[in-house]
Amino acid sequence: MSAPNSLFVRAAKAQLTERTPVWFMRQAGRYMPEYRAVRKQYSLIEICKKPEVAAQVTIEAAEILKVDAAIIFADLLLPLEVMGLPFHFAAGEGPKIDKPVRTAEDIAHLRTDRAADLGYVSEAVKLVCKHFGDKLPVIGFCGAPFTLASYMIEGGGSRNYLFTKKMMYSAPAAWNELMKKLVAVTAEYSAEQVRAGADAIQIFDSWVGCLSVEDYRRYVLPHVTDLVKRLQKSGLTKTGVPVICFGTDSATLLPSMQETGAEVVGLDWRIPLNTAWQSLGLKGAVQGNLDPVLLFADWKELKKRAEDILRQAAGRPGHIFNLGHGILPETPVQHVKALCDFIREHSAEFKTAVKSKR
């Protein structure tokens with residue numbers, strides 16, 4: 001770990017903090033002119049594969065916003081390439097996989113022995129950690145097995161996840177084999193980021209909200225739990241590196257996600273923060289959960305909604321302020337800065353006010 005005593009790490013461990021830490025998903029992105037300037041020189045994947053450039057955009061975003069953590073710049077789908085499944089980005093359509101995984105034979109051909117080829121991400125982590133030292137923690141991340149599997153099976157994004165669910169229901173043995181392979185690769189990939197100095201790992205389950213509670217518990221929970229346990233057994237627990245489990249449209253899944261053993265459960269904006277935390281027994285830490293579109297609102301409304309979230313957190317140890325998903329490309333930079341400044345400068349007041357009423 002590079003910053004084990006940082007505000008963010010302490011909050012992730014549900015320890016008392018003097019104020020609420022804040023960082024944003026996709027805080028380095030197209031809404032920033034500095035990032036757009038880099039994208040004129042490199043494609044997204046080229047940035048990911050050039051540690052110096054990935055570190056640059058990671059550092060610039062964190063310093064411009066003055067957040068309490070820097071999340072490494074990388075793409076969710078990078079592990080697919082080392083498993084033998086190339087992908088590309090179609091203009092305006094997102095990632096595309098030309099030969100989706102649809103059969104047991106397809107799954108058998110996927111490799112699990114090349115996670116080390118993703119070393120350019122851990123090299124970027126090292127550079128960011130070296131830059132910030134113990135002044136700012138660095139977050140590593142990986143895609144969750146369900147979300148990666150859905151991309152592999154669907155060939156890209158999907159509205160109904162027809163082929164993914166079809167495999168789950170009709171070929172459970174093949175499904176389990178695919179999930180096991182994804183866990184093996186992402187566990188090693190994430191552990192290497194920690195060895196490079198990352199202070200936390202966030203597991204992104206972007207598409208898991210398409211599942212019922214029953215299906216999540218049957219087809220996904222065992223595998224995410226295995227991933228979390230592998231990270232902890234690899235030495236993360238000994239070094240104190242917390243794991244964040246985040247999914248979108250996941251209000252009904254939160255208690256099950258807590259069962260993975262992750263120290264932090266990330267919340268999207270579709271459920272009030274206090275309701276979500278109560279569903280978790282007010283145990284552990286939570287992260288969230290402002291609607292990203294509120295960053296387009298006027299300051300009066302944006303400030304009110306941020307205050308609502310701080311009040312719902314009620315000054316309890318273990319709240320990390322974040323959005324309920326990533327910053328959108330058209331977001332006004334000045335609104336993101338203003339929100340970050342507000343949380344940084346005024347969250348302590350909410351903690352004090354709540355304590356005085358107890």
Side-chain angles (χ1 to χ4, degrees), residues 1-13 17 19-39 44 47-76 78 118 120-143 189-190 192-204 236 239-244 246 263-264 266 285 287-288 292 295 320-323 325-327 331 333 336-337 339-341 343-344 347:
M1 297 179 76
S2 57
N5 298 315
S6 61
L7 198 72
F8 164 78
V9 171
R10 286 185 283 131
K13 295 180 180 180
T17 55
R19 64 172 177 83
T20 304
V22 54
W23 71 278
F24 302 114
M25 287 179 274
R26 213 180 292 143
Q27 61 192 19
R30 285 177 287 169
Y31 75 104
M32 278 191 168
E34 293 82 0
Y35 175 78
R36 291 198 299 271
V38 174
R39 279 300 304 272
L44 187 150
I47 295 174
C48 294
K49 293 186 175 183
K50 294 179 180 292
E52 297 83 2
V53 183
Q56 174 192 334
V57 298
T58 300
I59 292 165
E60 281 183 344
E63 292 184 336
I64 290 168
L65 300 177
K66 300 178 182 177
V67 286
D68 293 304
I71 184 165
I72 196 65
F73 186 91
D75 188 78
L76 207 68
L78 294 175
L118 297 168
Y120 49 83
V121 176
S122 58
E123 286 301 314
V125 170
K126 285 181 184 178
L127 292 173
V128 178
C129 291
K130 181 179 179 181
H131 176 84
F132 286 120
D134 61 359
K135 295 178 181 178
L136 197 74
V138 179
I139 304 169
F141 76 89
C142 68
Y189 171 52
S190 301
E192 190 59 34
Q193 293 178 58
V194 173
R195 287 190 282 268
D199 295 278
I201 291 292
Q202 175 154 312
I203 301 171
F204 281 90
L236 305 198
T239 57
V241 174
V243 177
I244 306 166
F246 170 76
E263 287 81 359
V264 186
Q287 178 176 276
L295 286 167
I320 300 165
F321 193 96
N322 207 312
L323 304 178
H325 202 222
I327 296 177
T331 302
V333 178
V336 186
K337 291 180 179 178
L339 175 60
C340 189
D341 289 344
I343 300 300
R344 194 176 58 249
S347 61

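The shown structure was predicted, so the numbers you read here are calculated from the model rather than taken from an experiment.
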Where do [X] and [Y] come nearest, in terms of heavy atoms and distance?
| X | Y | value |
| --- | --- | --- |
| Leu127 | Ala55 | CB-CB, 3.8 Å |
| Gly326 | Pro292 | O-CB, 3.5 Å |
| Val241 | Ala198 | CG2-O, 3.8 Å |
| Ser122 | Ala196 | O-CB, 3.3 Å |
| Cys129 | Ser2 | SG-OG, 3.8 Å |
| Ile244 | Phe8 | CD1-CZ, 4.0 Å |

Measure the spacing between [atom1] of [X] and [atom2] of [Y] and express it to the nearest 0.5 Å.
| X | Y | atom1 | atom2 | answer |
| --- | --- | --- | --- | --- |
| Cys48 | Leu78 | SG | CG | 5.0 Å |
| Arg39 | Ile47 | CZ | CD1 | 5.5 Å |
| Ser190 | Arg195 | OG | CZ | 10.0 Å |
| Asn5 | Asp134 | CG | CG | 8.5 Å |
| Glu192 | Glu123 | CD | CD | 8.5 Å |
| His131 | Glu63 | NE2 | CD | 3.5 Å |

| task | Please test Leu295 against Leu323 for side chain to side chain contact (heavy atoms under 4.5 Å, CB included), starting from the C-alpha separation and ending with a verdict. | result | CA-CA 10 Å; Leu295 286 167; Leu323 304 178; 3.8 Å; yes
Evaluate the side-chain proximity of [Y] to [X]: yes if any heavy-atom separation is below 4.5 Å, no if none is.
| X | Y | answer |
| --- | --- | --- |
| Gln27 | Ile64 | no |
| Lys337 | Lys66 | no |
| Phe24 | Cys340 | yes |

| said: Determine whether Ile203 and Cys142 satisfy the following criterion, side chain to side chain contact (heavy atoms under 4.5 Å, CB included), listing intermediate values before the conclusion. | reply: CA-CA 5 Å; Ile203 301 171; Cys142 68; 4.1 Å; yes
| said: Set out, in order, the CA-CA distance, both residues' side-chain angles and the distance that settles side chain to side chain contact (heavy atoms under 4.5 Å, CB included) for Ile327 and Met25, then state yes or no. | reply: CA-CA 6 Å; Ile327 296 177; Met25 287 179 274; over 6 Å; no
| request: List the steps and the verdict of side chain to side chain contact (heavy atoms under 4.5 Å, CB included) for Phe204 and His325. | output: CA-CA 10 Å; Phe204 281 90; His325 202 222; 5.7 Å; no
| query | When you look at CZ of Arg30, are more than 12 heavy atoms from neighbouring residues, nucleotides or ligands closer to it than 6.0 Å? | reply | no
Can you give me every donor-acceptor pair (side chain of residues 67-76, partner residue at least two apart or in another chain, under 3.5 Å) with its distance?
unit_1 : atom_1 : unit_2 : atom_2 : d
Asp68  : OD1    : Arg19  : NH2    : 2.7
Asp68  : OD2    : Arg19  : NH1    : 2.9
Asp68  : OD2    : Val22  : N      : 2.9
Asp75  : OD2    : Leu77  : N      : 3.0

| Do side-chain atoms of Asn322 reach the backbone of Trp23 as a donor and acceptor pair under 3.5 angstrom? | yes
| query | Got a donor-acceptor contact below 3.5 angstrom from the Gln193 side chain to the Phe141 backbone? | reply | yes
